[in-house]
Amino acid sequence: MDDKGEILSFCDVDENISLQIWTKGLSPRLVIFNKKQNTRKLIRFSWLEDLDRKLSVKGKKRGESAQYSLTDLLPHVQRIISEYAVYTSFKPRLWKFVAMLDKTLHTPALVLEKNELAMLQEDKRSCLWLADVSGEIKGEGSFRPFFPISEQEKIAFLGGELPIVDNKRGVDDLLKTGITRKLAVQTPLRWHKPTRVVGAAILLAFSLCGEDGSEFTDEFWSDEVHSIKLDDKRLCKLGRKLTGYVRHFDAVKEMEMRTSPDSDKELMDANYLRKRRIEFQEGAIGNVGYSVTFFERDEDGAIALGCKPRVSTTRHKGDLIYLLPAQVYAQAIINDSFGGAADDYFTVTQLVSAKTFEIWSNTILNYISPLIGAI
């Protein structure tokens, strides 16, 4: 640890260890202080994301040690994070970051020709809004939502279409309509909470939903980041997972994910029938390529995806299995097509990314929920 740094918050766990937050002006680090040996271990907060991790601390005597689960450390981590947010510029930086994320999340994709709508490019299908100026009058059209609208959220659209006039088709023009504020009022868990979790997680040097974000985090703390885009090469994977989660907010609740030593055998033993297989390239649903087999079960209409990594990965053991009702998958296909052709590859990518984000977000919330609740 650099002596020029500063301990900004600390909390005793017991007679063996205390937890501290240290910084040298950039992103914070978690410090585990061994009281018995008077030693410190400096780590990033992303270390806390493996919930099965155990911490072993040596005592003064040879062979003497104490072990802690992350559950043991949880209330102490919550406390030092909450204190850290009070004693630093964390909160104003978080508000700045969240405002950027909200604006980027709502940036519409531009549609100039009607034939584009029949088969949108993938980057446009990954957006939550379309700025559709494909009509006969040049520079006029409307902002169109490219996400399923819940019954509760329909209240936000009671004013009718969101018109585009005089070619005012950017995100600032969309925000001026007030629609994003109205949506957030109706379902804050969908429109407010995810960006706040992302903002807090990045500023505290957690991972970017499984990806290393240390470089970006340090830049933001040094005020070198004045604006962000979710297609930034350092943020694009997280951005895809975030937008997928927001679009499929209700569908994700119906999904279950688990690992399996042999997904084919487990699913067939559960009366699922194999239907088809699609090969997914590296980066589509994980850090390696996957062979994804679609399974269906006649008795209850359930859908299962058996995802076999083509090479070994450290992200999980064995295969991944995703379970969801058939009607949920069918509706997700429709929601991703915008009236165009169905695309299993794109929808599976969206759903898996969304579920990955949900699991990661819930993990981060274990540590920052008191902080987010206070903002």
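Between the T347 side chain and the D344 main chain, no donor and acceptor come within less than 3.5 Å of each other. A donor-acceptor contact shorter than 3.5 Å is absent between the side chain of S142 and the backbone of R144. Looking at D319, its side chain does come within 3.5 Å of a backbone N or O of S263 through a donor-acceptor pair. Within the 3.5 Å criterion, the main-chain N or O of K58 finds a donor-acceptor partner in the side chain of N34. Proximity of a side-chain donor or acceptor of S69 to a complementary backbone N or O of K54 within less than 3.5 Å is not detected. A donor-acceptor distance shorter than 3.5 angstrom exists from the side chain of D173 to the backbone of R169, with no hydrogens or angles considered. Panel note: side chain K237, backbone G210; no donor-acceptor pair is recorded below 3.5 Å. One N or O on the side chain of Q152 and one on the backbone of Q186 form a donor-acceptor pair closer than 3.5 Å. Between the K182 side chain and the I155 main chain, no donor and acceptor come within less than 3.5 Å of each other.
Proximity of the aromatic rings of F206 and W360 is defined here by a centroid distance below 6.0 angstrom, and this criterion is not met. For F216 and W221, the ring centers sit 6.0 Å or farther from each other.
For the pair P188 and V185, the tightest heavy-atom approach, listed with the atom from each and the gap, is CD-O, 3.7 Å. Between S260 and E266, the shortest heavy-atom contact is OG-OE1, 2.7 Å. Closest approach of D262 to K265, counting heavy atoms only: OD1-N, 3.2 Å. Minimum heavy-atom separation, F45 to L204: CD1-O, 3.1 Å. Heavy atoms only, all atoms of each residue included: H192 and A184 are closest at NE2-CB, 3.5 Å. Residues G199 and L94 share a closest heavy-atom pair of C-CD1, 3.4 Å.
Taking 4.5 Å as the limit, some side-chain heavy atom of Q20 sits within range of a side-chain heavy atom of R40. In this structure the side chain of Y272 never reaches within 4.5 angstrom of the side chain of T293, judged on heavy atoms. Looking only at side-chain heavy atoms (C-beta outward), L19 and F33 stay at 4.5 Å or farther from each other. Put simply, the side chain of C209 reaches to within 4.5 Å of the side chain of T356, judged on heavy atoms. Contact of the L70 side chain with the L55 side chain is not registered, since no non-hydrogen atoms from C-beta on lie closer than 4.5 Å. In this structure, T180 and D102 have side chains that are not in contact, with every pair of non-hydrogen atoms separated by 4.5 Å or more. Contact annotation: the side chain of I149 approaches that of F157 to within less than 4.5 Å [non-hydrogen atoms, C-beta and beyond].
The CG atom of D50 lies 11.5 Å from the OG atom of S207; values are rounded to the nearest 0.5 Å. The OG1 atom of T363 sits 9.0 Å away from atom CG of L365, with the distance rounded to the nearest 0.5 Å. Note that CD1 of I32 is 6.0 Å distant from NZ of K41, once rounded to the nearest 0.5 Å. In this structure, the separation between CG on L30 and OH on Y367 is 9.5 Å, given to the nearest 0.5 Å.
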Tell me, with the steps shown, if D264 and K308 meet side chain to side chain contact (heavy atoms under 4.5 Å, CB included). CA-CA 9 Å; D264 286 353; K308 290 182 175 292; 3.5 Å; yes
Is there a ring-ring contact (aromatic ring centres under 6.0 Å, His included) between F147 and W191? Walk through the geometry before answering. CA-CA 12 Å; F147 52 86; W191 297 103; 5.1 Å; yes
Kindly determine whether F143 and L130 satisfy side chain to side chain contact (heavy atoms under 4.5 Å, CB included), including the steps that lead there. CA-CA 6 Å; F143 293 108; L130 298 180; over 6 Å; no
Using the rule given for side chain to side chain contact (heavy atoms under 4.5 Å, CB included), can you reason through L174 versus I179, listing the C-alpha separation, both sets of side-chain angles and the distance that settles it, and then say yes or no? CA-CA 8 Å; L174 173 64; I179 187 64; 3.8 Å; yes
Hey, mind stepping through T313 and H316 against side chain to side chain contact (heavy atoms under 4.5 Å, CB included) and telling me if it holds? CA-CA 7 Å; T313 174; H316 59 85; 3.7 Å; yes
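Of the charged side-chain nitrogens involved, at least one lies within less than 4.0 Å of a carboxylate oxygen, so that K103 and D172 count as a salt-bridged pair. With respect to E256 and R258, a salt bridge is recorded, a charged nitrogen being found less than 4.0 Å from a carboxylate O. A salt bridge is absent between R240 and D123; no separation between the charged side-chain nitrogens and carboxylate oxygens falls under 4.0 Å. With salt bridges taken as basic N to acidic carboxylate O contacts below 4.0 Å, one links D12 and K35. Ionic pairing of E153 and R190 is present here: one or more N-O contacts between side-chain nitrogen and carboxylate oxygen are shorter than 4.0 angstrom. Here R44 does not pair with E49 in a salt bridge; the nearest charged N to carboxylate O distance is not below 4.0 Å. Salt bridge status for R274 with E296: absent, with no side-chain N to carboxylate O gap under 4.0 Å.
Under 3.5 Å, the side chains of K36 and N16 contain a donor-acceptor pair of N or O atoms.
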Only pairs under 3.5 Å count here: list side-chain donor-acceptor contacts from residues 108-118, not counting sequence neighbours, and write none if there are none.
{"residue": "E116", "atom": "OE1", "partner": "K124", "partner atom": "NZ", "Å": "2.6"}
{"residue": "E116", "atom": "OE2", "partner": "L112", "partner atom": "N", "Å": "2.9"}
{"residue": "E116", "atom": "OE2", "partner": "E113", "partner atom": "N", "Å": "3.2"}

Donor-acceptor pairs under 3.5 Å, side chain of residues 246-254 to any protein atom, not counting sequence neighbours: which ones?
{"residue": "R247", "atom": "NE", "partner": "F146", "partner atom": "O", "Å": "2.9"}
{"residue": "R247", "atom": "NH1", "partner": "R125", "partner atom": "O", "Å": "2.6"}
{"residue": "R247", "atom": "NH1", "partner": "Q350", "partner atom": "OE1", "Å": "3.1"}
{"residue": "R247", "atom": "NH2", "partner": "R125", "partner atom": "O", "Å": "2.9"}
{"residue": "R247", "atom": "NH2", "partner": "C127", "partner atom": "O", "Å": "2.4"}
{"residue": "R247", "atom": "NH2", "partner": "F146", "partner atom": "O", "Å": "3.0"}
{"residue": "H248", "atom": "NE2", "partner": "D336", "partner atom": "OD1", "Å": "3.0"}
{"residue": "H248", "atom": "NE2", "partner": "D336", "partner atom": "OD2", "Å": "3.2"}
{"residue": "D250", "atom": "OD1", "partner": "K253", "partner atom": "NZ", "Å": "3.3"}

Let me have the donor-acceptor pairs involving side chains of residues 74-81, under 3.5 Å, with sequence neighbours excluded, atom names and distances please.
{"residue": "Q78", "atom": "NE2", "partner": "N366", "partner atom": "O", "Å": "2.7"}
{"residue": "R79", "atom": "NE", "partner": "E83", "partner atom": "OE2", "Å": "3.4"}

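Cluster note: I278 groups with M255, M257, F280, I285, V288, Y290, V292, F294, I303, L305, V311, L320, Y322, L324, V328, Y329, I333, Y345, V348, L351, V352, I359 through ILVMFWY side-chain heavy atoms spaced under 4.5 Å, whether in direct contact or through intervening members.
Applying the 6.0 Å contact sphere to CD1 of I137 captures no more than 12 heavy atoms from other residues, nucleotides or ligands. Within 6.0 Å of atom CD in Q37, more than 12 heavy atoms from other residues, nucleotides or ligands are found, so the atom counts as buried in its surroundings. Within 6.0 Å of NZ in K176 there are 12 or fewer heavy atoms belonging to other residues, nucleotides or ligands. Counting heavy atoms of neighbouring residues, nucleotides and ligands inside a 6.0 Å radius, atom CE of M119 does not exceed 12 of them. Around atom CZ of F10, no more than 12 heavy atoms belonging to other residues, nucleotides or ligands sit under 6.0 Å away.
Annotation: side chain to side chain donor-acceptor pair (under 3.5 Å) contacts of K355 (sequence neighbours excluded): E358. Under the side chain to side chain donor-acceptor pair (under 3.5 Å) criterion, Q331 pairs with N335, sequence neighbours left out.
When hydrophobic clusters are built by joining Ile, Leu, Val, Met, Phe, Trp and Tyr residues whose side-chain heavy atoms come closer than 4.5 Å, directly or via intermediates, L203 is not grouped with Y87.
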